[in-house]
S.K.: 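To start, I am sharing the structure in question, which I have written as structure tokens.
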Amino acid sequence: MTRRTLLELAALGTAAAAAAAAEPPFTLPKLPYAFDALEPYIDAQTMQIHHDKHHQAYVDNLNKAVGADAALSKLSVEELLQRLDTLPAAIRTQVRNQGGGHANHSLFWQTLCPASKSGNPSGSLAAALQRSFGGRDKFEERLQAASLGVFGSGWAWLPVDQGKNLVLDSAPNQDSPSLAGKRPLLGIDVWEHAYYLKYQNRRADYLKAILQVINWEFVSHRYEEAVR
Ligand code: MN
């Protein structure tokens with residue numbers, strides 16, 4: 001073995017060690033079901049592109065924004081979003097948009113499930129929906145109206161506010177009620193990438209469909225955690 005080769009091997013070892021040390025802080029979570037699990041309401045191709053391309057891009061861009069900063073890389077995405085105002089100005093918008101995208105989609109996948117398992121809001125969430133909106137049906141009407149009312153790209157949200165009340169919110173881009181200190185239980189993604197392949201311009205049809213695949217057990221559990 002020549003001296004040069006040994007040096008090259010040494011350099012390769014150093015590069016591998018550096019790469020391992022610099023493993024990106026954020027990774028794409030696995031979908032908790034198959035791409036086609038939400039058919040016929042949400043089609044497999046939309047799910048695959050939405051998760052593997054769109055969500056992956058939010059993760060990659062968040063890693064680009066904070067990956068070079070050892071201290072920020074140790075924080076969770078929720079912690080980053082909670083301290084947006086203290087972040088370097090140069091990365092603040094990227095963390096808000098890309099970190100918001102990562103956090104919102106990570107929640108979104110968990111709030112969906114096959115229609116056969118969708119179920120109903122639990123006793124305590126059902127009671128809160130009654131108090132705040134006059135029942136599940138009226139809540140779903142209001143959620144659809146809020147979702148239809150988002151101009152351009154954004155989300156409609158069901159959060160618990162600081163007084164532990166259920167409220168309805170909507171927000172542009174990848175903002176969420178957590179930026180205002182509320183705890184989001186459920187968000188409806190109304191970016192066109194969430195529905196355009198199957199529903200084109202028919203956002204109302206997408207909204208009716210997605211309400212068939214809400215994981216009410218998960219949302220109810222999240223409610224109980226939020227008001228505990
Ligand atoms: Mn999306």
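For ligands, and for the atoms within them, numbers begin at 1 and follow the listed sequence. Computed over heavy atoms, backbone and side chain alike; hydrogens, waters and symmetry mates excluded.
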S.K.: Listing residue and atom name, which protein N/O/S atoms are closer to the Mn ion (ligand 1) than 2.8 Å?
M.R.: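 You should have found H50 NE2, H105 NE2, D189 OD2, H193 NE2.
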
S.K.: Side chain to side chain contact (heavy atoms under 4.5 Å, CB included) between W109 and H105: does it pass, once the steps are laid out?
M.R.: CA-CA 6 Å; W109 310 131; H105 288 84; 3.9 Å; yes

S.K.: If you apply the rule side-chain hydrogen bond (donor to acceptor under 3.5 Å, both in side chains), what do you find for S178 with E78, and how did you get there?
M.R.: CA-CA 9 Å; S178 64; E78 289 79 13; over 6 Å; no

S.K.: After noting the C-alpha distance and the side-chain angles of R96 and D175, does the key distance pass the side chain to side chain contact (heavy atoms under 4.5 Å, CB included) rule?
M.R.: CA-CA 7 Å; R96 181 174 187 151; D175 286 356; 2.9 Å; yes

S.K.: Could you pull out all donor-acceptor pairs under 3.5 Å where a side-chain atom in residues 112-120 meets a protein atom, sequence neighbours excluded?
M.R.:
unit_1 : atom_1 : unit_2 : atom_2 : d
S118   : OG     : I214   : O      : 2.7
N120   : OD1    : R136   : NH1    : 2.6

S.K.: Tracing side-chain links under 4.5 Å among I, L, V, M, F, W and Y, which residues wind up in one group with F151?
M.R.: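 Answer for F151: none, a lone residue.
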
S.K.: Under the salt bridge (charged side-chain N to carboxylate O under 4.0 Å, His left out) test, which residues partner D169, sequence neighbours left out?
M.R.: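 For D169 the salt bridge (charged side-chain N to carboxylate O under 4.0 Å, His left out) partners, ignoring immediate neighbours, are K182.
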
